[in-house]
Amino acid sequence: GMPPEVAARAFEPFFTTKETGKGTGLGLSQVYGFIAQSGGEVVLESEIGKGTTVSVYLPPIAGAMEDTDTDTDTDTDTDIALIVEDEPDVLELASELFRSIGFEVLTAGNGQDAIDILKRRSDIDILFTDIMMPNGMSGIELARSTRELNPRIKIILASGYPLPALKAQHDNLNEFTFMSKPYRLSELAKKLRGAT
């Protein structure tokens, strides 16, 4: 079993109780991501000396008992996320989080590079961008430009600054979904379900 402080972090990406170089701890975070993306839930119960139980709850598949001879590919396409972040380590972490829940990932290090990608690709489903960015274009400006280019793209803004301070500086941000840094997989999955 796990002590409560370990169990509370078991689904965090890269969290591990192993020594440095002995493991990355991505296993349970990937399980959680897959289940969350599928609309399910994961419950972890653990007690030292007794063991750990991980229960996975998945929703029923609509029409699972119906004839499956029809050939439909409507739900087989992988969603594509464009992640924009100027810090390479944070970009890699965010990319791994998105991949762990089934996204194809494109990346950019600044707003202009992201705009170039958005102009070339019409199949991007979600823009996940840091608000504070180099080279003159903030994540908010990028988000608003993205809405003009392709209104169907869902947008999540991320920042280590508190939301009230950002709203005071950048006016109304209610048109976008906001996520605080550092982000956790559980929060990301929740924000993705509610992104606009």
- [ ] I would like to know whether L118 and T146 meet side chain to side chain contact (heavy atoms under 4.5 Å, CB included); could you show each step before the answer?
- [x] CA-CA 7 Å; L118 288 161; T146 299; 3.2 Å; yes

TODO: Looking only at non-hydrogen atoms, find the nearest pair between L44 and A7 and report the distance.
DONE: CD2-CB, 3.7 Å

Open item on the list: Tell me if a side-chain donor or acceptor on R121 pairs with a main-chain N or O of I80 at a distance below 3.5 Å.
Closed with: no

Open item on the list: Quick check against the 3.5 Å criterion: does E87 have a side-chain atom that pairs as donor or acceptor with the backbone of D89?
Closed with: no

Determine whether [X] and [Y] make a side-chain contact, defined as any pair of heavy atoms from C-beta on separated by less than 4.5 Å.
X    : Y    : result
T177 : I155 : no
L149 : K119 : yes
I126 : L82  : no
F178 : S159 : yes
L157 : F128 : no
L127 : I156 : no
I48  : M2   : no
F98  : I83  : yes

How far does [atom1] of [X] sit from [atom2] of [Y], to the nearest 0.5 angstrom?
X    : Y    : atom1 : atom2 : value
L93  : L97  : CG    : CG    : 4.5 Å
I124 : K154 : CD1   : NZ    : 15.0 Å
M133 : L142 : CE    : CG    : 6.0 Å
S145 : M137 : OG    : CE    : 5.0 Å
S95  : E104 : OG    : CD    : 12.0 Å
D79  : D123 : CG    : CG    : 10.5 Å

Task: E141 and R147 ion-paired at < 4.0 Å - done: no

- [ ] Step by step, work out the side chain to side chain contact (heavy atoms under 4.5 Å, CB included) result for E96 and V105.
- [x] CA-CA 9 Å; E96 188 57 43; V105 172; over 6 Å; no

Open item on the list: Could you walk me through whether D130 and V84 satisfy the side chain to side chain contact (heavy atoms under 4.5 Å, CB included) test, starting with their C-alpha distance in whole Å, then the side-chain angles of each, then the deciding distance to 0.1 Å, before giving a yes or no?
Closed with: CA-CA 6 Å; D130 188 20; V84 189; over 6 Å; no

